[in-house]
Every structure is written in C-alpha cells, then in structure tokens.
Amino acid sequence: MGTSRSRVKKTRLVPVAPSGRREAGSIEMIFEIVRQIPPGRVTTYGSIAKVLDLPNARMVGHAMREVPSKGKPVPAQRVVTASGKLSHDTSGARRRLLIREGVVLKGDKIVDFARLFWDPATEL
DNA sequence: TCACTGACCGAGA
DNA sequence: ATCTCGGCCAGTG
C-alpha cells in the first residue's frame, strides 16, 4: 500500500468563507443538522460528526459553543454527549430548555436516553 | 513551532 | 454505574 498518510479529509470549521459564501465543512452545516432535531428528542456530538464525516466530536462541541444568540435558532440543548449527559451546562439553561420540551433529566443525565435518541444517520 | 486546553468518545478497571 | 486514559485535532498564546 502507498505510504501516504491516513489524513482522509481536511475539515475546517470556519463560520463562513472569507468571501461570505458558505462552504462544505463549515459550521453552518452542523447548525443545519441540529435544526432538524425534533423537539423532545436528542442526538450526540459524535453522531453529528459521523454523519458529516468530521474527524471527531469535539468539532461539533466547538460549533455549539459558537451558536449565536441572534439569527436562525439552533436548538443546541438537543445535542448531548454519547453517554446522554449535558456537557458544560453551568447555568442550567440548556437543561431547562429540555425540561420545557418534556425531556426528563436526573441531574445532567437524560432519563431514557436510548428512547429519545435521534440519529441523523438513519432518521434524517 | 511547541505546549496545553477542550460543549468528545470508546475501552478498561 | 463511575472513573481514568489515550486518542482525536482545532484554537490559543
């Protein structure tokens, strides 16, 4: 086999291209997936990374951190860790939003996570 | 360029 | 069920 490195794909998480035009791999694509998650359902950082062919789930975590308070809404509260827990929800804001949608939590852990899980790879 | 951090994840203990 | 580790790789200084 060739000795080429296994760098399969180079992904960049730029909000928008310098020209202002959206590109593949941009943070907007992640936002679009998140907007498809139905209320009361949740998905994971890793699932989104996988369906977009991103190198790892942290990319999605970074994207959620960049969600603007204005503009088209992005329900970031519906994105949780693979173990069904909210990550870095220090103010409890995302937790409250989920509860408002009918999601039952025990601390930062979603009860019956398996049933509420919405997989973008199969349900989108 | 190097070192370290992080809204992650899977495997093991 | 909980914790620790190693791997992942983009930002940051």
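Here is how names work: the chains are called A, B, and so on, in the same order as the sequence lines, proteins then strands, and each is numbered from 1. For the numbers below, each heavy atom of this structure counts, side chains included, while hydrogens, waters and symmetry mates do not.
You'll find the side chain of A:S87 stays beyond 4.5 Å of the side chain of A:V80, heavy atoms only. For the pair A:N56 and A:Y45, the minimum side-chain heavy-atom distance is 4.5 Å or more. Side-chain contact between A:V42 and A:I37 is absent, with no heavy-atom pair separated by less than 4.5 Å.
Contacts of residues 80-111 of chain A with DNA chain B (heavy atom under 4.0 Å): A:T81, A:A82, A:S87, A:H88, A:R94.
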Can you give each donor-acceptor pair under 3.5 Å made by side-chain atoms of residues 116-124 of chain A, sequence neighbours left out, with the distance rounded to 0.1 Å?
residue: A:D119; atom: OD1; partner: A:A121; partner atom: N; Å: 3.0
residue: A:E123; atom: OE2; partner: A:R41; partner atom: NH2; Å: 3.3
residue: A:E123; atom: OE2; partner: A:D119; partner atom: N; Å: 3.3

Nucleotide N/O to protein N/O under 3.5 Å, stretch nucleotides 4-9 of chain C:
residue: C:dC9; atom: O4'; partner: A:N56; partner atom: ND2; Å: 2.8

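Rounding to the nearest 0.5 Å places CD of A:E66 at 10.5 Å from CD1 of A:I30. Taking CD1 of A:I33 as the reference point, atom CG of A:L52 lies at 4.5 Å (rounded to 0.5 Å).
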Problem set entry | Pairing pattern in dot-bracket form [Watson-Crick, G-U; both distances under 3.5 Å; | = partner strand] for DNA chain B | .|||||.||||||
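A:V111 belongs to a hydrophobic cluster whose remaining members, ordered by chain and number, are A:V104; membership requires side-chain heavy atoms of ILVMFWY residues under 4.5 Å apart, directly or through intermediates.
Scanning for side chain to side chain contact (heavy atoms under 4.5 Å, CB included) contacts around A:L97 gives A:Q77, with sequence neighbours left out. For A:S83, the side chain to side chain donor-acceptor pair (under 3.5 Å) partners are A:T81, not counting sequence neighbours. Under the side chain to side chain donor-acceptor pair (under 3.5 Å) criterion, A:T44 pairs with A:S47, sequence neighbours left out.
Evaluation of the salt bridge (charged side-chain N to carboxylate O under 4.0 Å, His left out) test over residues 97-111 of chain A, restricted to residues two or more places apart or in two chains, returns A:R78-A:E101. Listed by first then second residue, pairs satisfying ring-ring contact (aromatic ring centres under 6.0 Å, His included) with a partner in residues 76-107 of chain A number zero, not counting sequence neighbours.
A 4.0 Å heavy-atom criterion places the boundary nucleotides of DNA chain B facing chain A at B:dG6 to B:dG10, written 5' to 3'.
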